[in-house]
Amino acid sequence: MEAVAIFRAAISAVDPANLVIDHLSRHAAEALHDTAGRTPGENCGPTLVIGAGKAAARMAAGCEQVLGAENVCGEVIVADGCTVGLRSVAVSEAGHPLPDGRGERAAQRIMQLLRAQDRGDTVCLISGGASSLLVCPRPPVTLQDKIATTQLLLECGADIRAFNTVRKHLSEVKGGGLLRHVRTRMLALLISDVIGDDPSTIGSGPTVPDDTTFADAWDVLARHQLETRVPATVTTLLKSGIEGNVAETVKFSSAEAVCCRSQIIGSNRTALEAAATSARARGWTVDVDGQPLSGDTTAAARGFAARIRQLAARRGGKPLCVLAGGETTVRVKGKGRGGRNQEFALALAGTLAGMPITLLSAGTDGVDGPTDAAGAFVDGTTLLRAQQRGLDIDATLGANDSFTFFSELDDLFRCGPTGTNVMDIKIALLPAAARDTGF
């Protein structure tokens, strides 16, 4: 299928190992050396490689290849199913999207490694998922309190910046907190999974100073009416911080801020550009939406459907590929199963009914919500086929049960974990048509 081939081209372009290899091969000379001009591992000890995220193990593989496995050591934390074999860097699995004790223990080990590294260089690898995987709650908040708060934020539909504003202030490592344990120079390589590619938002910014405050974190809870629903320890910590009784996250004026240089080496834009190149090579006229999709999933889906219809009406019969990226949010009200990509596809199925179109909405990490699907397909027959099976789109959206809907139609997209994560991609394909059809 053309849409799948284009999706795979996008994923290939953000392969974590290749991104790291490319960056370090071109920039290692200035990125990793001491004042005497020595390279990593040369009379100054091994380079410490640490990190967290769904792509962290593959990123570490890139470090081993460029720097030499014999010249590196360390540990990275990945989500279950994202492990790859490494020679010198340990890989630990932990919970995602909800943190767990494995992540907490691994985070403690990483902090110990940082404190013990008093010579040589440090490379920190951060990618999507790091916020959940690199977890170290700030007392009196416990891991269970953090899990409960994370679950509430997921369910209320908070956007990633709001989500991370709270998480940073409940953590010892986020919001630049990891910098407090660094004893040598650090290079942070980031694969962005956030709109705008803000380094302080990627993975909740463990190596980047934070411009949010305890008051901002409280405002997020208030905005989503969570002040009385989060654990008492969370409100205690945030109020103590607002009163100045607890140290803020690391700020740009902090002494720790100068020890690390952060570089974004891959993003959703990287994947979209590769998807566009692949589609053009296959004969499609390509339109890439310049604005990332964000906000409410249903609203974003219907807006994207309107854009498709506008472009289809003026394409002059040429084969058209419409691409978009970003990350939307779902406010969970029902008890069904699904993810934002499946819900996105479901929300526009009725709008595109009857059109000669195939659309794929999928997460670049290969996992959409708490399911084994990366997303779902929609075409001009989806609505009719659903009606024939007694499936109701509006009722399914109300129950947040898009997984069951697309499972019944055999339209789920399963590709397994990709080992990378740069948000989501939407691929809409309209084949060549006669000029007078409008489509």
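Here the structure is a predicted model, which is why all the values come from computation and not from measurement. In what follows, residues are counted from 1 in the order of the sequence shown.
Side chain of E248 to backbone of G241: no donor-acceptor contact under 3.5 angstrom is found. Side chain of T277 to backbone of E273: a donor-acceptor contact under 3.5 angstrom is found. At distances below 3.5 Å, at least one donor-acceptor pair connects side-chain atoms of Q117 with backbone N or O atoms of R119. For the pair K168 (side chain) and P206 (backbone), a donor-acceptor distance under 3.5 Å is absent. In this structure, the side chain of S204 does not engage the main chain of R167 through any donor-acceptor pair within 3.5 Å. S132 contributes a side-chain N or O that, together with a main-chain N or O of P97, makes up a donor-acceptor pair within less than 3.5 Å. Put simply, the side chain of S25 gets close to the backbone of I21: a donor and an acceptor are under 3.5 Å apart. Checking side-chain atoms of T236 against main-chain N and O of A232 turns up a donor-acceptor pair under 3.5 Å. Listed for the T150 side chain is no donor-acceptor partner under 3.5 Å among the backbone atoms of L98.
By the 4.5 Å heavy-atom criterion applied to side chains, D379 and L359 are not counted as neighbours. A 4.5 Å side-chain heavy-atom check between T328 and D296 finds every atom pair outside the cut-off. A heavy-atom distance below 4.5 Å is found between the side chains of I265 and I191. Within the 4.5 Å cutoff, side-chain heavy atoms of K146 are placed close to those of S171. When side chains are defined from C-beta on, D193 does not count as touching N268, because their heavy atoms never get closer than 4.5 Å. The shortest distance between side-chain heavy atoms of T47 and N71 does not fall below 4.5 Å. The shortest side-chain heavy-atom distance between R58 and T420 does not fall under the 4.5 Å cut-off. At least one side-chain heavy atom of T364 sits under 4.5 Å from a side-chain heavy atom of I425.
Residues D145 and T142 have side chains that bring a donor and an acceptor to within less than 3.5 angstrom of each other. Donor-acceptor pairing under 3.5 Å is recorded for the side chains of S92 and R109. Remark: the S192 side chain and the S267 side chain contain no N/O donor-acceptor pair separated by less than 3.5 Å.
In plain terms, the two heavy atoms of S402 and L346 that are nearest each other are CB-CD2, 4.0 Å. Residue T207 comes nearest to C124 through the heavy atom pair CG2-SG, 3.6 Å, listed as atom of the first residue, atom of the second, then distance. Across every non-hydrogen atom of A55 and S127, the tightest pair is N-OG, 3.0 Å. Closest approach of D121 and R185 over heavy atoms only: OD1-NH2, 2.8 Å. In terms of heavy atoms, A130 sits closest to A52 at CB-O, 3.4 Å. E93 and G81 get closest at one heavy-atom pair: OE2-N, 3.1 Å.
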List the steps, then state whether side chain to side chain contact (heavy atoms under 4.5 Å, CB included) holds for L323 with D287. CA-CA 6 Å; L323 300 172; D287 183 276; over 6 Å; no

Evaluate R340 against D368 for salt bridge (Lys or Arg N to Asp or Glu O under 4.0 Å), listing each step before the verdict. CA-CA 7 Å; R340 61 179 178 265; D368 188 36; 5.2 Å; no

Checking side chain to side chain contact (heavy atoms under 4.5 Å, CB included) for the pair T201/I160: CA distance, chi angles, key distance, verdict? CA-CA 8 Å; T201 303; I160 190 66; 4.2 Å; yes

Show, in sequence, the C-alpha distance, side-chain angles and deciding distance for S361 and N341, and conclude whether the side-chain hydrogen bond (donor to acceptor under 3.5 Å, both in side chains) test is met. CA-CA 5 Å; S361 174; N341 283 286; 2.8 Å; yes

Using the rule given for side chain to side chain contact (heavy atoms under 4.5 Å, CB included), can you reason through L19 versus V14, listing the C-alpha separation, both sets of side-chain angles and the distance that settles it, and then say yes or no? CA-CA 7 Å; L19 289 172; V14 287; 4.3 Å; yes

Test side chain to side chain contact (heavy atoms under 4.5 Å, CB included) applied to L170 and L237, step by step: CA-CA 8 Å; L170 304 183; L237 175 59; 3.9 Å; yes

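A salt bridge does not link R183 with D118: none of the charged nitrogens is closer than 4.0 Å to a carboxylate oxygen. A salt bridge is defined here as a Lys NZ or Arg NE, NH1 or NH2 lying under 4.0 Å from an Asp or Glu carboxylate O, and D211 with K251 fails to meet this definition. Under the 4.0 Å criterion applied to side-chain N and carboxylate O atoms, D401 and R337 are not assigned as salt-bridge partners. The pair K174-D210 does not meet the salt-bridge criterion, since no charged nitrogen lies less than 4.0 angstrom from a carboxylate oxygen. In summary, R102 and D80 engage in a salt bridge, as defined by a charged side-chain N under 4.0 Å from a carboxylate O. Using a cutoff of 4.0 Å between basic side-chain nitrogens and carboxylate oxygens, D198 and R161 are scored as salt-bridged. Using a 4.0 Å cut-off between charged nitrogen and carboxylate oxygen, R307 and D289 count as a salt-bridge pair.
Q144 CD to T233 OG1: the interatomic distance, rounded to the nearest 0.5 Å, is 11.0 Å. Here the straight-line distance linking atom CG of D159 with atom OG of S294 works out to 8.5 Å at 0.5 Å rounding. Once rounded to the nearest 0.5 Å, the distance linking NE2 of H23 with CE of M59 reads 10.0 Å. A distance of 13.5 Å separates CD1 of I264 from CZ of R269, quoted to the nearest 0.5 Å. Between the CG atom in L133 and the CD1 atom in I77 there is a gap of 6.5 Å [rounded to 0.5 Å]. Atom SG of C156 sits about 8.0 Å away from atom CZ of F163, to the nearest 0.5 Å.
The 12-atom threshold is not exceeded at CZ of R87, counting heavy atoms of other residues, nucleotides or ligands nearer than 6.0 Å. Heavy-atom neighbours of N245 CG from other residues, nucleotides or ligands within 6.0 Å: above the threshold of 12. With a 6.0 Å radius and a threshold of 12 heavy atoms from other residues, nucleotides or ligands, R229 has its CZ atom at or below the threshold.
No cation-pi contact links K426 to F304, judged by a cut-off of 6.0 Å to the six-membered ring centre and 45° from its axis.
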Report, one line per pair, each donor and acceptor closer than 3.5 Å where one atom sits in a side chain of residues 219-227; sequence neighbours left out.
none

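Partner of N400 under the side chain to side chain donor-acceptor pair (under 3.5 Å) criterion, chosen from Q342, E343, E155, K333: E343.
When ring centroids are compared, F406 and F413 stay outside the 6.0 Å threshold.
For residues 189-218, every residue pair satisfying the ring pair (Phe, Tyr, Trp, His ring centres under 6.0 Å) rule, not counting sequence neighbours, is listed here: H169-F214.
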